[in-house]
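What follows is one structure encoded as structure tokens, with my remarks underneath.
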Amino acid sequence: MTVVIAAINGKGGAGKTTALMNIAGEYALRGGHVAMIDMDARNNLMKWWSDCQEKDAQPEGIEVYSHKTARGLERWMEESSGVFDYVLIDTPGEDTSIVDPVIASANLVISPIQPSKREVLGAIDSFENVLRVNDVLGRNCRHGVLRTRITVTVRHAELYRKIRPIIEDKVGTYLFRTEVFERNIYKDIHNGIGTLQMQEVTEAIAKARRETQALVGEVDEMLTTEVAAGRAA
Ligand SMILES: Nc1ncnc2c1ncn2[C@@H]1O[C@H](COP(=O)(O)OP(=O)(O)OP(=O)(O)O)[C@@H](O)[C@H]1O
Ligand SMILES: [Mg+2]
């Protein structure tokens, strides 16, 4: 079975592309066959991929494709997704019409946020879109909010403390326990040096690796719950 994970937040650049690169790297390391789809017109993922090629640092087990339309995505999903264990879809940081078709093919939507009102609202919008598409199609796509670029200072911010009550209690979607910290390595991987998992393990890299493993562990858990819920229904 192919698992489809999309990163969506129509407001902001909190780390959709970075999160998908790290998740892809983790699955590839475990021997998974991973496809990444760049649906963002700015082509951040495709640029990373060609930079990796130039530096002879393309990760094994990952392939990157570019599709900018719903039709392109649907056709690719029909024809090619079956040969992959994981399909990770990267979307633009703005509201677009491709969001609904992406949700329609996803098992899980991750909405990264930094503690900013705009991004929190964007994540709530994404959750509402997931609920709406699920309702129309009778599907059970999951949704989770991922806190990213966390620093000690950020943790003292008032909005940071409000995130859990807002997301879990008021909105009622899942908040990942794992937080993605602000780390230089997450910037560096954008320069075409391959995935996090390909870097020589220093203390700093080891921390990022543990963080990513915890995140993927949570993702796996959510996806198992989805399958279980689907079977029970
Ligand atoms: N946890 C992090 N620590 C440090 N830097 C980060 C982190 N996450 C992202 N960044 C930096 O922030 C930039 C934006 O992140 P990213 O491209 O992943 O966001 P995005 O949500 O995909 O943005 P967009 O909506 O513009 O596509 C990246 O170039 C990266 O350098
Ligand atoms: Mg991006």
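Whatever order the structure lists ligands and atoms in, that order sets their numbers, starting from 1.
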Parallel, tilted or perpendicular for Tyr65 and His67, by the 30°/60° rule?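 Parallel, since the angle between the ring planes stays under 30°.
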
Relative to the ring of Tyr27, is the ring of Tyr86 parallel (under 30°), tilted (30 to 60°) or perpendicular (over 60°)? parallel

Among all residues two or more places apart in sequence or in another chain, which pass the side chain to side chain donor-acceptor pair (under 3.5 Å) test with Asn43? Lys68

Under a plain distance cut-off of 3.5 Å, with no hydrogens placed, do His143 and Ser111 share a side-chain donor-acceptor pair? yes

Counting only non-hydrogen atoms and a 4.0 Å cut-off, the residues near ligand 1 are Gly12, Gly13, Ala14, Gly15, Lys16, Thr17, Thr18, Asp40, Arg42, Asn44, Gly93, Arg149, Val180, Phe181, Glu182, Arg183, Tyr186, Lys187, His190

I'd like to check His33 versus Glu63 (side-chain heavy atoms, cut-off strictly below 4.5 Å). Are they in contact?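 His33 vs Glu63: side chains touch.
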
Could you tell me whether the side chain of Thr212 reaches within less than 4.5 Å of the side chain of Gln197, counting heavy atoms only? yes

Taking Leu196's backbone N and O only, do any of them form a donor-acceptor pair with Asn22's side chain (distance below 3.5 Å, no angle check)?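 No, because the side chain of Asn22 does not come within donor-acceptor range (under 3.5 Å) of the backbone of Leu196.
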
Distance below 2.8 Å from the Mg ion (ligand 2): protein N/O/S atoms: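 Checking every protein N, O and S atom gives Thr17 OG1.
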
Who are the side-chain contact (heavy atoms from CB on, under 4.5 Å) partners of Lys187, not counting sequence neighbours?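 Residues passing side-chain contact (heavy atoms from CB on, under 4.5 Å) with Lys187: Arg149, Glu182, Asn184.
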
Ionic contact status for Asp38 with Lys47, cut-off 4.0 Å: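 Result for this pair is no, no salt bridge flagged.
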
